[in-house]
A.B. asks: 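The structure follows.
Convention: sequence-line order gives letters A, B, ...; per-chain numbering from 1.
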Protein chains: 2
Amino acid sequence: MTERRSSDQTRAAILRAARQRFAAQGYERTTIRAVAADAAIDPSMVMRYFGSKEQLFDAALAVDLRLPDLGAVPAAEVPAALVRHFVERWEGDPADDALLVLLRSAVTHEQAADRMREVFAAQVAPALAAALGPERAARTAGLVSAQLLGLALTRYLLRLPAVTALSPDDLVAGLAPALAATLAG
Amino acid sequence: MTERRSSDQTRAAILRAARQRFAAQGYERTTIRAVAADAAIDPSMVMRYFGSKEQLFDAALAVDLRLPDLGAVPAAEVPAALVRHFVERWEGDPADDALLVLLRSAVTHEQAADRMREVFAAQVAPALAAALGPERAARTAGLVSAQLLGLALTRYLLRLPAVTALSPDDLVAGLAPALAATLAG
DNA sequence: TCCTGATGTCAACAGCCGTTGGCCAACAAT
DNA sequence: ATTGTTGGCCAACGGCTGTTGACATCAGGA
């Protein structure tokens with residue numbers, strides 16, 4: 001174990017800068033040169049650490065939704081808990097751009113869309129299955145995701161005034177009954 | 001009035017090719033050269049007809065949602081009518097990519113996001129106001145849009161299997177009660 | 001006949017991009 | 001003292017992009 005201190009630091013700096021750029025501008029508009037400038041190093045270092053722009057992108061796409069264990073909450077409160085967790089996740093730590101990277105890029109980049117589907121299959125679907133039982137989850141998981149991602153899309157990417165104007169509490173109050181309705185369907 | 005036949009035709013051909021490219025690949029990945037090749041003309045003609053890539057893009061963003069008059073349907077049937085019209089609009093004529101262009105590009109291109117907000121303000125908001133009355137529309141238009149655009153996002157852009165697996169009827173059955181719930185909220 | 005305007009082609013420019021390879025300084029081990 | 005490794009910079013290549021301007025073609029009016 002030699003001193004890898006500096007190496008790890010710049011690697012992290014590159015990844016942080018890349019996440020910010022990818023989140024703000026999407027894949028095609030962010031350049032290696034800009035990421036390198038943000039991280040205060042030479043563009044060629046980005047290549048040395050990550051191999052290529054695609055691989056850097058891939059590293060930036062790692063996302064953990066940190067979904068709560070929905071099996072623990074009473075069935076009646078699942079919708080509100082879902083919306084609240086989701087909003088807090090987006091509204092919260094602005095340095096945590098991983099989610100934004102994923103959603104913004106997935107719309108134009110097939111590789112990111114693949115990741116999105118993986119995240120969905122590996123994290124969202126099981127969480128819902130734990131809360132609702134397998135059959136109901138299979139029937140409603142798609143529409144539940146559509147509603148939650150629709151919120152993210154209109155509020156954080158498109159920034160529709162009618163959506164950004166709402167407070168987090170408004171969002172919970174307005175969407176929780178909607179989720180409850182599709183779950184009951 | 002001289003014979004402008006050829007001019008109008010190539011102009012339309014360029015616009016058609018541009019819409020397809022923008023819809024499939026987004027703004028940054030579509031090149032003037034590719035659009036010109038699709039339209040079977042020289043790249044410089046695109047510039048002559050539209051001035052610049054940005055202006056061509058702007059022309060491609062013209063969208064008419066053709067929302068039905070919701071004032072005519074009974075209040076109880078508004079949610080289902082909304083979802084059905086929306087799904088038919090997307091599912092229908094595949095040559096009509098204008099909506100896809102707008103949504104796909106709005107996520108990474110600020111100019112397109114502006115257009116999206118304009119379309120919302122000029123078409124969606126008034127239609128809802130006619131159906132629900134001004135105060136309720138103001139309160140719920142944002143969340144209704146979020147749910148409808150969430151469907152478009154997950155079904156046509158991200159193509160989440162759990163959403164593409166559903167039939168149009170499933171979508172109406174699953175989302176109409178949800179919309180009704182937020183409208184009642 | 002000559003001219004003019006529209007329609008279209010061709011070739012090139014300038015800029016930015018991802019990527020590469022060579023060179024340098026510091027430092028640890030031999 | 002020499003060697004090898006690590007972390008870093010610099011300059012360049014080749015490719016693709018939007019964009020431009022010079023030229024070709026051809027119809028129709030003076």
A.B. asks: Grab the CG-C1' distance between A:Asp42 and D:dA12 for me, whole Å please.
C.D. replies: 12 Å
A.B. asks: Where along residues 48-59 of chain A does a heavy atom come under 4.0 Å from DNA chain D, residue by residue in number order?
C.D. replies: A:Arg48, A:Tyr49
A.B. asks: For B:Tyr27, does the six-membered ring have the charged nitrogen or CZ of B:Arg104 within the cation-pi criterion, i.e. under 6.0 angstrom from the centroid and within 45° of the normal?
C.D. replies: no
A.B. asks: Looking at C:dT7, C:dT19, D:dG7, which one has an atom nearest to any side-chain atom of A:Met47?
C.D. replies: C:dT19
A.B. asks: How close or far is atom P of C:dT19 from atom CE of A:Met45, stated in whole angstroms?
C.D. replies: 16 Å
A.B. asks: For residues 157-185 of chain A, which residue pairs pass the ring pair (Phe, Tyr, Trp, His ring centres under 6.0 Å) check, not counting sequence neighbours?
C.D. replies: none
A.B. asks: Angle, rounded to 10°, between the helical axes spanning five pairs at each terminus of the helix from C:dT1-D:dA30 to C:dT30-D:dA1?
C.D. replies: 30°
A.B. asks: Quick one: side-chain hydrogen bond (donor to acceptor under 3.5 Å, both in side chains) partners of B:Arg21, sequence neighbours excluded?
C.D. replies: B:Asp38
A.B. asks: Among all residues two or more places apart in sequence or in another chain, which pass the side-chain hydrogen bond (donor to acceptor under 3.5 Å, both in side chains) test with B:Ser52?
C.D. replies: B:Gln55
A.B. asks: Each nucleotide in nucleotides 24-29 of chain C should get exactly one letter: B, S or -. Can you fill that in based on protein heavy atoms under 4.0 Å?
C.D. replies: ------
A.B. asks: Do the side chains of A:Arg11 and A:Leu15 get nearer than 4.5 Å, heavy atoms only?
C.D. replies: no
A.B. asks: Can you run down the ring pair (Phe, Tyr, Trp, His ring centres under 6.0 Å) pairs that involve residues 160-185 of chain A, sequence neighbours left out, and say none if there aren't any?
C.D. replies: none
A.B. asks: Could you tell me whether the phosphate oxygens of D:dC9, OP1 or OP2, come under 4.0 Å of any side-chain nitrogen or oxygen in A:Ser44?
C.D. replies: no
A.B. asks: Using side-chain hydrogen bond (donor to acceptor under 3.5 Å, both in side chains) as the criterion, list what pairs up with A:Arg155, not counting sequence neighbours.
C.D. replies: A:Glu91
A.B. asks: Please list all pairs passing the ring pair (Phe, Tyr, Trp, His ring centres under 6.0 Å) test where one or both residues lie in residues 110-153 of chain B, with sequence neighbours left out.
C.D. replies: none
A.B. asks: Under a 4.0 Å heavy-atom cut-off, which of residues 104-112 of chain A touch DNA chain C?
C.D. replies: none
A.B. asks: Show the nearest heavy-atom pair for residues B:Ala23 and B:Leu100, with the distance to one decimal.
C.D. replies: CB-CB, 4.0 Å
A.B. asks: Do B:Arg115 and B:His109 pair up side chain to side chain, a donor and an acceptor below 3.5 Å, judged on atom types alone?
C.D. replies: no
A.B. asks: Would you check if B:Leu61 and B:Val101 make a side-chain contact, meaning some heavy-atom pair closer than 4.5 Å?
C.D. replies: yes
A.B. asks: Taking only residues two or more places apart in sequence, or in another chain, which ones meet A:Arg136 in a side-chain hydrogen bond (donor to acceptor under 3.5 Å, both in side chains)?
C.D. replies: none
A.B. asks: State plainly whether the residues B:Asp97 and B:Arg16 are in salt-bridge range, i.e. N to O under 4.0 Å.
C.D. replies: no
A.B. asks: Both A:Pro43 and B:Ile41 contact DNA chain C. Which one's nearest nucleotide lies toward the 5' end?
C.D. replies: B:Ile41
A.B. asks: Taking the side chain as C-beta and beyond, is there a heavy-atom pair between B:Leu158 and A:Leu149 under 4.5 Å?
C.D. replies: yes
A.B. asks: Salt-bridge test for B:Arg159 and A:Glu110: reply yes if a basic N is under 4.0 Å from a carboxylate O, no otherwise.
C.D. replies: yes
A.B. asks: Near DNA chain C, under 4.0 Å by heavy atom, which residues of residues 21-35 of chain B?
C.D. replies: B:Arg33
